[in-house]
Amino acid sequence: LHIAAKTEVAFAEGKRLLLKTPIQQRMGHFMDDWHGEGKADVDFTLRQQLSDGQQPEIDVRVDIGLEHLALREQNLRLGHVRGELSFDTRRGLFSDNLQANLFGKAFTVGVSQQGTTVQVDGHGRVAAVDLRRWLNLSVLDVLQGEAAVDMRIVAGGDTAADSTGGEASS
């Protein structure tokens, strides 16, 4: 059996495709509190061997065009998110070059998955005042101007309960 479909969806519909289907079993619950506005063009392919015990092969390519994406647990809001985010049964969730704005500055994001652990890596420049406000660290009051930031969010996991953590360095 081979099914292929192309469609344009709003963020909520695309999120539902990932979270309310068997794809969610591979991703965990880390996206549950993500909210966004915008559209995405989705190419969806499913291949299923019609014999006992065979798991379907799923390939989803999403061309993202979001005005904003809020990651509530991390207290982050990305603007103008653009690029391709993909999922397939072999690699999981992945992207090499999503573009976004973080605190009004250009930010590049990559996504990879190992098991049900998803890693989101981003880098760009951030104004020191925005970094201090986001992290709520008064020690950063001494910083001025901009800082190069490398950020990593690790979410999900192969344990019974999903976990989310992150780190930022400059």
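The analysis underlying the following values was restricted to heavy atoms, covering all of them including side chains, and did not include hydrogens, waters or symmetry mates. Note that the coordinates shown come from a computational prediction; the quantities given were computed from them, not determined experimentally.
- Within the 4.5 Å cutoff, side-chain heavy atoms of Gln74 are placed close to those of Ile153.
- Between Asp121 and Asp150, the closest side-chain pair of non-hydrogen atoms is not below 4.5 Å.
- Panel note: side chain Gln54, backbone Pro56; no donor-acceptor pair is recorded below 3.5 Å.
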Could you go through the side-chain contact (heavy atoms from CB on, under 4.5 Å) check for Glu67 and His80 one step at a time? CA-CA 5 Å; Glu67 292 310 308; His80 303 291; 3.4 Å; yes
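- Val120 and Trp134 fall within the same hydrophobic cluster, where Ile, Leu, Val, Met, Phe, Trp and Tyr residues are linked whenever their side-chain heavy atoms come under 4.5 Å apart, directly or through other members.
- Arg61 meets the side-chain contact (heavy atoms from CB on, under 4.5 Å) test with Asp43, Asp59, Glu84, Ser86, Asp88, Phe94; sequence neighbours excluded.
- Taking Arg16 as the reference, nothing meets the side-chain hydrogen bond (donor to acceptor under 3.5 Å, both in side chains) condition, with sequence neighbours excluded.
- In terms of heavy atoms, Ser95 sits closest to Leu98 at OG-CG, 3.3 Å.
- Side-chain atoms of Arg82 come within 3.5 Å of backbone N or O of Leu66 as a donor-acceptor pair.
- In this structure a side-chain-to-backbone donor-acceptor pair under 3.5 Å is present from Asp33 to Glu73.
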What pairs of donor and acceptor atoms, side-chain ones from residues 139-148 against any protein atom, are under 3.5 angstrom apart with sequence neighbours left out?
| from | atom 1 | to | atom 2 | distance (Å) |
| --- | --- | --- | --- | --- |
| Asp141 | OD1 | Arg132 | NE | 2.5 |
| Glu146 | OE1 | Arg125 | NE | 3.2 |
| Glu146 | OE2 | Lys105 | NZ | 2.5 |

Step-by-step side-chain contact (heavy atoms from CB on, under 4.5 Å) determination, Glu57 to Arg90: CA-CA 8 Å; Glu57 291 181 28; Arg90 289 178 301 284; 3.8 Å; yes
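- The side-chain heavy atoms of His35 and Lys15, taken from C-beta on, include a pair separated by under 4.5 Å.
- Counting heavy-atom neighbours within 6.0 Å of Gln49 CD, excluding the residue itself, gives a total of 12 or less.
- A 6.0 Å sphere centred on CG of Asp96 holds no more than 12 heavy atoms belonging to other residues, nucleotides or ligands.
- Val129 and Met151 fall into different hydrophobic clusters, where Ile, Leu, Val, Met, Phe, Trp and Tyr side chains are chained together by heavy-atom contacts under 4.5 Å.
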